[in-house]
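Side chains included, hydrogens not; waters and symmetry mates left out as well; all remaining heavy atoms used. Counting convention: from 1, in listed order, for ligands and their atoms alike.
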Amino acid sequence: MPAFSEVAAAIPYEGPTSRNPLAFKHYDAEAMIEGKSMRDHLRFSVVYWHTFRGTGSDPFGAGTMQRPWDDGSDSVENAQKRARVAFEFFEKLGAPFYAFHDRDVAPEGKTLAESHKNLDAVAAVLKEEQQRSGVKLLWGTANLFSHPRYLHGAATSCNAEVFAYAAAQVKKALEVTHELGGEGYTFWGGREGYQCLWNTDMKREQEHLARFLHLAVDHAKAIGYTGPFYIEPKPKEPTKHQYDSDAAACLNFLRQYDLLPYFKLNLETNHATLAGHTMQHELEVAGAAGALGSIDANTGDLLLGWDTDQFGTDIYMTSQCMYSILKYGGLTTGGVNFDAKVRRESFEPIDLFYAHIGSMDAYARGLKIAAAMRADGRIEGMVRDRYASWDTGLGAEIEAGDHSFASLEKRMLDQGEAAPNASGRQELFENVINEYL
Ligand code: XUL
Ligand code: CO
C-alpha cells in the first residue's frame, strides 16, 4: 500500500493553463533552455530533515504532522520504512535528488559504534532505493548541533573530546555519502560560533574549525571522494554569531586557511535574509569568487526575523536567483535543494506535494524568465554600456596595469576635472526587468 495513495503516479507537467493542483504549470523537466533540460538546470532536491523528520513542533507547541507511515519510534526498522516512503515521494514528485543529515535518516545509538551501525543499516536501504528509482544524493552532512554534547559547538568546542567525536561522526557521514554516490558534502556551522565573547577564544576556535575542515579534505582524499565540500553561510541562530556568517565571511575564512580549492558555498535564501543581505547579493559574492556551488532554496518572512524555512514562491526572487546562477555557469554538482518545511498548520501528507510543486514551478518560472532576459541581452547590454569607459582609452589602460598614481595625477592635472558621469538608470533597469515577469 503506497503511503501517498492520493497521488497515483508521477506529477505531470500540464502547462500554465492547468488548474490541477497536482500538476506542474512551468516545470517541464524535459524542456530545453540554453541547450540544457530544465531537470539539469534546476537539479531539484528534497531535504530529508524537514520533509520526513519535521514534526511541526515550535517553541510554543507540540508536533502536528500526520505521517501515518511513521510509528514515532526511534527504531531502525521505522527509519528503514520511512526511507522507502521518502523515495516514493521523491519519485512521484519527480525530484532527481535528495539530501540528508546522518541523524535524520538513522537514529543516534547509545554509543558511537551503535550510531555507525544504525546509519549503515539505513544507508543499505537508501542505496537499494537509489538504484531502484534512479534518484541520487545531492549531498550528505552530519548533524553536529542537536545532541547535548555539542552545546559548545563541535569543531569549535572548548572541549577537545567533542572535536574528536565530531571528527568521528563526519568521517562516517562522509564515507556513507561517498558510498551512496553523493555529489557533494555540506558543512553548516550549527553551533560553530559564540553566545558570549567574554568566554570565547575566537582565534583558537576558528583555527580549530580550519583544522577540522582540513582533516575532512584529507579523509576525502584517503577514501577517493572527489566531489566538492560546501560551506553554508548563516549569521546567527542557534548561536548569537556563527563563524560562517555570510558568503563574504566564508570566502575570507576559506582563503585564510587555504581551503578554497576544496570548498564552494551552499547559499540559503533565508540565511541571506538573516545576514541582512538579499539572496542575489550572496549569489553575486559567491559567483564572482568562482565559489557558487549549490543553493538551499527557501524563504523567510520579513516580518518575523527568524529562520522560518518556508517554501519560496516569489517569482521576482526566483528570477534573481536563476539569473545569477546562469550568469556564473549554472549548477553543476549543486542543485536547488528545498531546505524548507511546510507550515505547522499544513499537517497533511498531501501538503508536502503542494509545497514542493509550487516552489518547483516558481524556480522553473524564474529559470524561464532569466533565460529570456539573457536571450534578449538588454540588461546585459545596459550593464555593459554603464562600464563603457573601461573598454577603451584610459579605462582599458588602467585595467591593463599601465598606470600609476603619478600618471593618473598628471592626467587629471592636465584635464582639471573628470569627464561627466552618466545616469545610473536604476528605475529603468527595474522597469525592464518587470517586462520579463
Ligand atoms: C540550518 C540549515 C541546515 C543545513 C544543513 O539553518 O539550513 O539544515 O542546510 O545542516
Ligand atoms: Co540549509
Exercise. What atoms of ligand 1 come closer than 4.0 angstrom to any heavy atom of Trp49?
Worked result: 8 (O), 9 (O)

Problem set entry | Contact (N/O only, under 3.5 Å) between Trp139 and ligand 1 | no

Problem set entry | Contact check: Trp188 vs ligand 1, nitrogen or oxygen atoms, below 3.5 angstrom | no

Seminar exercise, completed: Among non-hydrogen protein atoms, atom 9 (O) of ligand 1 lies closest to Glu232 OE1, 2.7 Å

Problem set entry | Heavy atom of the protein closest to atom 5 (C) of ligand 1 (residue, atom name, distance) | His101 NE2, 3.3 Å

For this session: Apply side chain to side chain contact (heavy atoms under 4.5 Å, CB included) to the pair Asn266 and Trp139, showing each step before the final yes or no.
Result: CA-CA 10 Å; Asn266 176 38; Trp139 49 257; 3.6 Å; yes

Exercise. Taking NZ, NE, NH1 and NH2 as the nitrogens, is one of them in Glu179 or Lys127 under 4.0 Å from a carboxylate oxygen of the other?
Worked result: yes

Exercise. Is it true that Glu88 and Arg84 make a salt bridge, defined as a side-chain N closer than 4.0 Å to a carboxylate O?
Worked result: no

For this session: Select one of side chain, backbone, both or neither to describe which atoms of Asp296 lie under 4.0 Å from any atom of ligand 1, heavy atoms only.
Result: side chain

Seminar exercise, completed: So for Asp307 against ligand 1, with non-hydrogen atoms under 4.0 Å, the contacting part is side chain

Seminar exercise, completed: Near the Co ion (ligand 2) (protein N/O/S, cut-off 2.8 Å, waters excluded) we have Glu232 OE2, Glu268 OE1, Asp296 OD2, Asp339 OD2

Exercise. Distance from Tyr98 atom OH to Asp104 atom CG, nearest 0.5 Å?
Worked result: 11.0 Å

Is there a side-chain contact between [X] and [Y] (heavy atoms, below 4.5 Å)?
X: Phe24; Y: Met38; value: no
X: Val122; Y: Gln80; value: yes
X: Asp296; Y: Trp188; value: no

Exercise. Can you find a non-hydrogen atom of Glu237 under 4.0 Å from ligand 1?
Worked result: no

For this session: Find out whether the Lys NZ or Arg CZ of Arg132 is both under 6.0 angstrom from the six-membered ring centre of Phe87 and within 45° of the ring's axis.
Result: no

For this session: Report, as yes or no, whether the 6.0 Å neighbourhood of atom NZ on Lys136 holds more than 12 heavy atoms from other residues, nucleotides or ligands.
Result: no

Exercise. So Arg211 and Glu207, salt bridge (charged side-chain N to carboxylate O under 4.0 Å, His left out) or not? Walk me through it.
Worked result: CA-CA 6 Å; Arg211 169 65 51 97; Glu207 284 166 4; over 6 Å; no

